[in-house]
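Each remark here refers to the structure printed beneath this line.
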Amino acid sequence: MWCSEMTDLCFFPGEEGEAAAATTPVYVAAIDLSSSEEFLELVKSALLAALEALSPGSLFGILTFSSKIGLYDVQGPIPIVKNVFIPPDSDGTLHVDLKDAMPFCSFLAPVGTFKDRIAEALETIKPIASWERATTASQVQDHALHHTRGFGVAIDALVNYLSVENGTTFELARIFAFLSGPPNYGAGQLDARSKGDHNTGKVVDSNNTLLPEETSFYKNLAASAVQAGACVDLFAITNEYTDLTSLKVLSVESGGSLFLYSNTDESTLPQDIYKMLKRPYAFGCVLRLRTSPEIKIADSYGHFFPDPQYMHVQHINCCDLFASYTYDFEFEKDSQFSRKSRPPILQIAFKYTMIVHHGDASDDASNSGSRSKFSVQRRLRVRTIQYNTTANIWDLYDFVDPDVVLTILVHQVILASLSDVVEARLWLHDWLAIFIAQYNKAYKNVRPADSVVSHIDVDFSNCSQLQPLARLVFAFLVSPLLQVQDEHIHPDYQTYLQCLFSALEPASLRQAICPTLSSYSSLDTEAEVHQSLSRSVFTSERPIFLLDAYTDLLVYYLPTASPSIPFPPPRDCLLRSTVDRLKQERALTPRLAFIHGARDDTTTFEKYLIEDRGLDGTQLDGSTGFRSFLEEVRSRVAEFGI
């Protein structure tokens with residue numbers, strides 16, 4: 001098993017015999033007007049942050065949607081909005097094309113020249129209910145349109161609008177779609193109400209299948225976006241059931257990302273979009289992996305789609321340095337490594353396109369050549385890796401990377417859970433039992449005539465590299481992703497976790513599933529990293545803890561912490577600098593919370609003490625959850641008759 005990130009490869013840029021073409025980065029914000037004031041204020045803050053991250057020569061456009069599509073021209077003295085009404089029927093055909101409503105050159109404005117005008121235009125955007133509220137009986141029919149969300153038609157029309165300029169004005173357009181609820185109008189509408197009350201934790205149907213996507217509209221739209229040179233990043237800011245199961249394909253298959261924020265108060269949207277745009281990205285990517293003849297690719301996982309003609313060639317519309325792709329290998333039939341055979345070899349080829357910025361791209365309106373300071377470069381990265389082999393199982397165990405093993409398990413279980421989440425959980429449980437049985441057999445811990453179950457080693461005592469595995473599998477089993485009837489887990493949150501977990505590289509994925517808990521004896525002295533995530537921390541002699549769960553950073557003070565220790569920790573201490581460093585390193589900005597056990601609600605901290613939970617996610621009395629799980633695994637191993 002092997003996993004590689006884009007940054008792990010050795011790079012050899014290559015020319016294709018043609019001059020670099022001039023281009024311009026294009027970004028479009030698609031904003032939901034059937035929303036609240038708080039939603040729009042957050043989106044405005046995020047887009048102002050985005051403008052700071054973009055190069056001045058970039059082109060930026062604003063589109064709004066509700067029961068109509070609004071196109072903004074910010075290049076005059078005041079913002080002008082041209083509206084195109086969305087028909088309520090499901091065929092998605094607009095009566096007026098967007099290119100006829102507003103010329104492309106008016107819709108996209110250079111950021112450097114018109115940044116202030118773009119900001120002024122954003123300030124004019126209001127939720128539709130605040131300026132079209134029905135006041136008379138004659139307006140009742142119009143009032144029915146106040147909370148409509150014609151998202152599907154709007155994005156489809158935008159993709160068609162952009163496709164005309166693909167290859168001339170731009171090579172890749174990034175669309176930021178901001179949603180406050182489910183699309184419920186025109187083509188691509190989702191009937192969220194017909195599936196029952198999903199806000200109460202019904203995430204599977206009677207066949208233990210996760211809720212399926214309702215329509216193929218967004219899968220087809222993703223394919224159209226790829227053809228048009230567009231990538232869609234979807235930002236859902238809502239606690240309302242939005243059917244992200246149907247929507248996720250639009251972002252995943254177009255090369256974008258899916259973000260979910262349950263409320264506006266704790267949202268890190270401005271920081272996330274700023275980070276995303278400051279990172280270099282590649283597009284039009286092709287990834288190919290070849291192996292020695294003894295082995296073959298069994299499965300591949302990641303946010304890519306296979307080439308229709310060639311085996312093991314994957315296409316990626318857009319990615320950045322945090323992108324991760326996973327491969328699982330197996331022997332060819334009747335094949336194995338021998339002492340006489342050559343060492344196995346893997347070769348990875350990654351072909352991609354980047355927009356390169358040449359010098360200062362200040363786009364003074366009088367400088368017509370300013371946009372040409374961006375060019376398109378096609379590159380090729382190749383890495384050939386030779387591996388050693390061993391005939392000794394103990395050597396193999398010593399070189400296991402538990403984070404990579406977890407990564408492949410997560411991909412396999414996510415795929416299986418789409419058909420039957422209960423069966424996927426059972427498979428994962430059995431996988432661990434079988435692996436422990438094989439380990440005990442290799443180390444001869446239990447002889448066939450030995451009937452003492454307690455002799456079975458479930459802690460991998462003889463191999464430090466394997467010791468985290470049981471805890472990682474348990475953490476995955478109790479994670480929200482694999483809970484089926486927990487009323488506290490929102491179905492859209494599970495969809496978000498599917499997308500997040502399937503994109504993370506191994507170290508980050510382990511962090512997201514099994515958090516790291518560090519104790520501090522003082523604000524400037526880290527004591528240790530704890531292996532156990534249980535309520536035993538409450539009896540610790542160390543007064544301060546830092547819990548890192550990838551999307552959350554929690555600083556917890558014990559109730560017995562000395563009053564002389566400042567709370568929250570000041571900026572100039574080791575603990576706070578560690579927190580700041582972790583926030584800076586992440587692709588996503590983790591939510592930060594300071595909790596004092598003597599006066600704050602500790603629920604947020606305690607939910608991450610997973611070793612006190614049963615496999616159904618419920619809190620148990622005492623630190624029995626993980627140990628009880630190991631005893632169940634031990635009994636299961638004994639059933640295999642090792």
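Everything quoted here is computed from the prediction, not taken from an experiment. No hydrogens, no waters, no symmetry mates; every other heavy atom, side chains included, goes into these values.
- Listed by chain and residue number, nothing satisfies the salt bridge (charged side-chain N to carboxylate O under 4.0 Å, His left out) test with R576 (two or more places apart in sequence, or in another chain).
- Among pairs with a residue in residues 571-591, none fulfils ring pair (Phe, Tyr, Trp, His ring centres under 6.0 Å), at least two apart in sequence or across chains.
- Checking T495 against T245 by side-chain atom types alone, a donor-acceptor pair falls below 3.5 Å.
- Between the Q494 side chain and the L481 main chain, a donor and an acceptor come within less than 3.5 Å of each other.
- Taking the salt bridge (charged side-chain N to carboxylate O under 4.0 Å, His left out) definition, one finds that E41 meets it with K44, sequence neighbours left out.
- Under the rule for a side-chain hydrogen bond (donor to acceptor under 3.5 Å, both in side chains), S464 has no partner lying at least two apart in sequence or in another chain.
- Y557 pairs by the side-chain hydrogen bond (donor to acceptor under 3.5 Å, both in side chains) definition with nothing, not counting sequence neighbours.
- Applying the salt bridge (charged side-chain N to carboxylate O under 4.0 Å, His left out) criterion to R599, with sequence neighbours excluded, gives no partner residue.
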I'd like a table of donor-acceptor pairs (distance under 3.5 Å, sequence neighbours excluded) in which one partner is a side-chain atom from residues 507-515, with atom names and distances.
from, atom 1, to, atom 2, distance (Å)
S508, OG, E505, OE2, 2.5
R510, NE, D403, OD1, 3.4
Q511, NE2, T516, OG1, 2.6
Q511, NE2, D548, O, 3.0

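- With sequence neighbours left out, D401 forms a salt bridge (charged side-chain N to carboxylate O under 4.0 Å, His left out) with no residue at all.
- With sequence neighbours excluded, the residues forming a side chain to side chain contact (heavy atoms under 4.5 Å, CB included) with E585 are R581, L582, listed by chain and number.
- Between Y261 and F259, the angle of the ring planes stays under 30°, which puts this pair in the parallel group of the 30/60° scheme.
- Shown here are the side-chain hydrogen bond (donor to acceptor under 3.5 Å, both in side chains) partners of S521, two or more places apart in sequence or in another chain: there are none.
- A distance below 6.0 Å separates the ring centres of F151 and F65.
- Partners of Q271 according to the side-chain hydrogen bond (donor to acceptor under 3.5 Å, both in side chains) rule, which considers only residues two or more places apart in sequence or in another chain, do not exist here.
- Between the side chains of T525 and S522, at least one donor-acceptor pair of N or O atoms lies under 3.5 Å.
- D320 has no carboxylate O lying under 4.0 Å from a charged side-chain N of K278, or vice versa, which leaves the two without a salt bridge.
- Between Y301 and H411, the two ring planes are parallel [angle under 30°; tilted spans 30° to 60°].
- The aromatic rings of F605 and F538 are tilted relative to each other, their planes meeting at an angle between 30° and 60°.
- Looking at L406, L409, V405 one by one, the single match for side chain to side chain contact (heavy atoms under 4.5 Å, CB included) with L472 turns out to be L406.
- Residue pairs meeting the salt bridge (Lys or Arg N to Asp or Glu O under 4.0 Å) criterion with at least one member in residues 255-267: none, sequence neighbours excluded.
- Using a distance-only test at 3.5 Å, with no hydrogens or angles considered, no donor-acceptor pair links the side chain of T268 to the main chain of P590.
- Of the listed residues (D243, V249, L244), just one forms a side chain to side chain contact (heavy atoms under 4.5 Å, CB included) with L247, and that residue is L244.
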